[in-house]
Undergrad: 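Structure below; questions to follow.
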Amino acid sequence: MQNDSTNNRPRHVAIIMDGNGRWAKAHGLPRIEGHRRGAQAVQRSLEAARDLGLQYLTLYAFSVENWNRPKEEVQALMELLDQFLKDQLKHMLKHKIRLRVLGRYHELPKHIQDRLRDTEARTADFTDFTVGLALNYGSRTEVVDAARAIAKAAQAGTLDPDNLDYAQFRDFLYTGDMPDPDLVIRTSGESRLSNFLLLQSAYSEIHFSQVLWPDFDRASFEAALDDYAQRERRYGKTSEQLQPPES
Ligand code: IPE
Ligand code: IPE
Ligand code: MG
């Protein structure tokens, strides 16, 4: 799918929500309190994204590497996620928000899988606004999963390897039915992508915000969009080629 952002406003924004732990530390609170405040920031961002006219918002909530955190923190994050999904369902149905989960489903706790599947199914027909939730997500795992599915399709004779191109390949990614992100935001001052949407962000603009995720508010979101609006996306062309012909 081609990215098509009008009025210099992105159609799809993806966010690496980072800094919960440092926020908690700065406030003398346990890390989990930072995650709890982070969940509130998610709610605010959903509302801001809809108001600001985005069509897709993808949120990096849990990476495949995050399983390596202390057991108590992982468990607390899963509980927060469960509670968040429970609270969100009504809101999503009311505001016609579609949920898409990106990541390895089957390794998540069973009750969370059930809740995710149920929410995805009940919101599947909404078209105006989609929330992508990257959970147990890693770009490398995603590419491996795609490669396995492609190999199986080739074996089954439904895909011709010699004719495989990127347009077909991308359909096998978790994001197959979503446009690439126009803008990737990372909070907390870290300047890395941490295994997030590495293929999809090949031509995304990237905005690094100093704000810790629990403090990310509408003004921070708008600052990122203002930054995006100043960018020139050239996709390998020259700046001159992008200027409209003089009439
Ligand atoms: C982001 O905040 C939340 C997750 C990765 C789940 P962190 O927990 O990474 O916060 P910092 O980076 O330790 O401050
Ligand atoms: C990236 O943040 C993952 C999420 C935001 C879910 P991390 O805090 O896990 O990333 P690193 O380890 O600092 O790169
Ligand atoms: Mg972090």
Side-chain angles (χ1 to χ4, degrees), residues 12-46 48-49 56-88 99-105 107-109 112-113 115-116 131-145 173-175 178 181 183-201 204-217 220-221 224:
H12 182 180
V13 173
I15 308 184
I16 304 172
M17 309 182 288
D18 197 14
N20 294 352
R22 276 162 285 163
W23 183 93
K25 196 169 184 184
H27 290 79
L29 295 166
R31 288 182 62 85
I32 185 61
E33 195 49 39
H35 295 313
R36 203 165 284 131
R37 294 291 290 256
Q40 293 169 10
V42 171
Q43 173 64 41
R44 281 202 304 272
S45 300
L46 286 181
Y56 294 84
L57 179 70
T58 295
L59 300 169
Y60 200 9
F62 194 85
S63 72
V64 293
E65 288 83 12
N66 287 148
W67 294 111
N68 296 321
R69 292 191 177 198
K71 202 168 85 250
E72 302 72 40
E73 180 166 344
V74 170
Q75 197 177 340
L77 278 168
M78 290 300 148
E79 277 162 24
L80 261 181
L81 173 65
D82 194 39
Q83 188 60 46
F84 177 80
L85 291 167
K86 207 192 286 180
D87 296 345
Q88 279 300 307
L99 178 73
R100 284 278 290 104
V101 179
L102 318 173
R104 273 196 185 159
Y105 245 104
E107 293 169 357
L108 291 164
I112 292 190
Q113 290 185 38
R115 204 183 280 292
L116 290 169
V131 173
L133 204 54
L135 273 179
N136 193 19
Y137 176 87
S139 279
R140 291 174 176 176
T141 326
E142 179 180 36
V143 169
V144 169
D145 286 349
L173 298 172
Y174 306 142
T175 51
M178 293 167 74
L183 172 67
V184 175
I185 299 171
R186 182 171 188 146
T187 60
S188 86
E190 304 291 1
S191 310
R192 57 175 170 268
L193 293 173
S194 301
N195 206 6
F196 184 54
L197 300 181
L198 298 183
L199 280 182
Q200 296 87 338
S201 63
S204 303
E205 298 300 322
I206 305 188
H207 175 88
F208 294 110
S209 165
Q210 296 301 314
V211 177
L212 299 173
W213 176 249
D215 290 330
F216 195 81
D217 59 9
S220 327
F221 210 143

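All values derive from a computational prediction rather than experimental measurement. Whatever order the structure lists them in is the order used to number ligands and atoms, beginning at 1.
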Undergrad: Does ligand 1 have an atom under 4.0 Å from some heavy atom of R31?
TA: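 Right, R31 reaches ligand 1.
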
Undergrad: Can a donor-acceptor pair be found between the side chains of R22 and S188 at a distance below 3.5 Å?
TA: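 A donor-acceptor contact under 3.5 Å links the two side chains.
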
Undergrad: Could you establish whether G19 and ligand 1 come within less than 4.0 Å of each other, counting only heavy atoms on the residue side?
TA: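 Per 4.0 Å heavy-atom rule, G19 contacts ligand 1.
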
Undergrad: A61 near ligand 1, heavy-atom distance under 4.0 Å?
TA: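 In this structure, A61 qualifies as a contact of ligand 1 - some heavy atom is under 4.0 Å.
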
Undergrad: Between Y137 and F196, how do the two ring planes meet: parallel, tilted or perpendicular, split at 30° and 60°?
TA: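 Taking F196 first and then Y137, their aromatic rings stand perpendicular (interplane angle over 60°).
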
Undergrad: State, yes or no, whether a side-chain contact exists between D217 and S220 at a heavy-atom distance under 4.5 Å.
TA: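 Heavy-atom side-chain distance check passes, below 4.5 Å.
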
Undergrad: Note the single closest protein heavy atom to atom 13 (O) of ligand 2, along with its residue, its atom name and the distance in Å.
TA: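 Closest protein heavy atom to atom 13 (O) of ligand 2: R192 NH2, 2.8 Å.
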
Undergrad: Taking heavy atoms and a distance under 4.0 Å, where does L212 meet ligand 1: side chain, backbone, both or neither?
TA: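 No part of L212 comes within reach of ligand 1.
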
Undergrad: How far is atom 14 (O) of ligand 2 from its nearest protein heavy atom, and which residue and atom is that?
TA: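 Result for atom 14 (O) of ligand 2: S194 OG, 2.6 Å.
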
Undergrad: For ligand 2, which is the ligand I care about here, please tell me if Y60 has any N or O atom under 3.5 Å from one of the ligand's N or O atoms.
TA: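 By distance alone, the answer is no.
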
Undergrad: Quick one: side-chain contact (heavy atoms from CB on, under 4.5 Å) partners of E73, sequence neighbours excluded?
TA: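 With neighbours one apart ignored, the set is R31, H35, R69, P70, L77.
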
Undergrad: Of all the non-hydrogen atoms in the protein, which one sits nearest to atom 3 (C) of ligand 1, and at what distance?
TA: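 Closest protein heavy atom to atom 3 (C) of ligand 1: N20 ND2, 3.5 Å.
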
Undergrad: Under 4.0 Å from a heavy atom of I16: which atoms of ligand 2 are those, numbered in the order shown and with their elements?
TA: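 Those atoms are 5 (C).
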
Undergrad: Mark yes or no for whether W213, through its side chain, and G38, through its backbone, hold a donor-acceptor pair below 3.5 Å.
TA: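 Checking the backbone N and O of G38 against the side chain of W213, a donor-acceptor pair under 3.5 Å is found.
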
Undergrad: For the residue pair G189 and Q210, what are the closest heavy atoms and their distance?
TA: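 Heavy atoms of G189 and Q210 come nearest at CA-OE1, 3.7 Å.
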
Undergrad: How does F62 reach ligand 2, by side chain, by backbone, by both or by neither, if only non-hydrogen atoms under 4.0 Å count?
TA: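 Within the 4.0 Å criterion, F62 contacts ligand 2 through backbone atoms alone.
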
Undergrad: Does the side chain of P181 come within less than 4.5 Å of T58's, by heavy atoms?
TA: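 Sidechains of P181 and T58: no contact.
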
Undergrad: Starting from atom 10 (O) of ligand 2, locate the nearest protein heavy atom and write down its residue, its atom name and how far away it is, to 0.1 Å.
TA: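 Checking every protein heavy atom, the shortest distance to atom 10 (O) of ligand 2 gives R186 NH2, 3.3 Å.
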
Undergrad: Answer yes or no: is there a donor N or O on one side and an acceptor on the other, between the side chain of R100 and the main chain of Y174, under 3.5 Å?
TA: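 Confirmed, R100 side chain pairs with Y174 backbone.
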
Undergrad: With a cut-off of 2.8 Å, which protein N/O/S atoms are close to the Mg ion (ligand 3), if we only count those under it?
TA: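 N, O, S partners closer than 2.8 Å: D18 OD1.
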
Undergrad: Of R22, R69, M17, which has the heavy atom at the shortest distance from atom 9 (O) of ligand 1?
TA: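 It is R69 that holds the nearest heavy atom.
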
Undergrad: Just to be sure I read this right, does ligand 1 sit under 4.0 Å from the backbone of H35, its side chain, both, or neither, counting only heavy atoms?
TA: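 H35 to ligand 1: side-chain contact only, backbone stays beyond 4.0 Å.
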
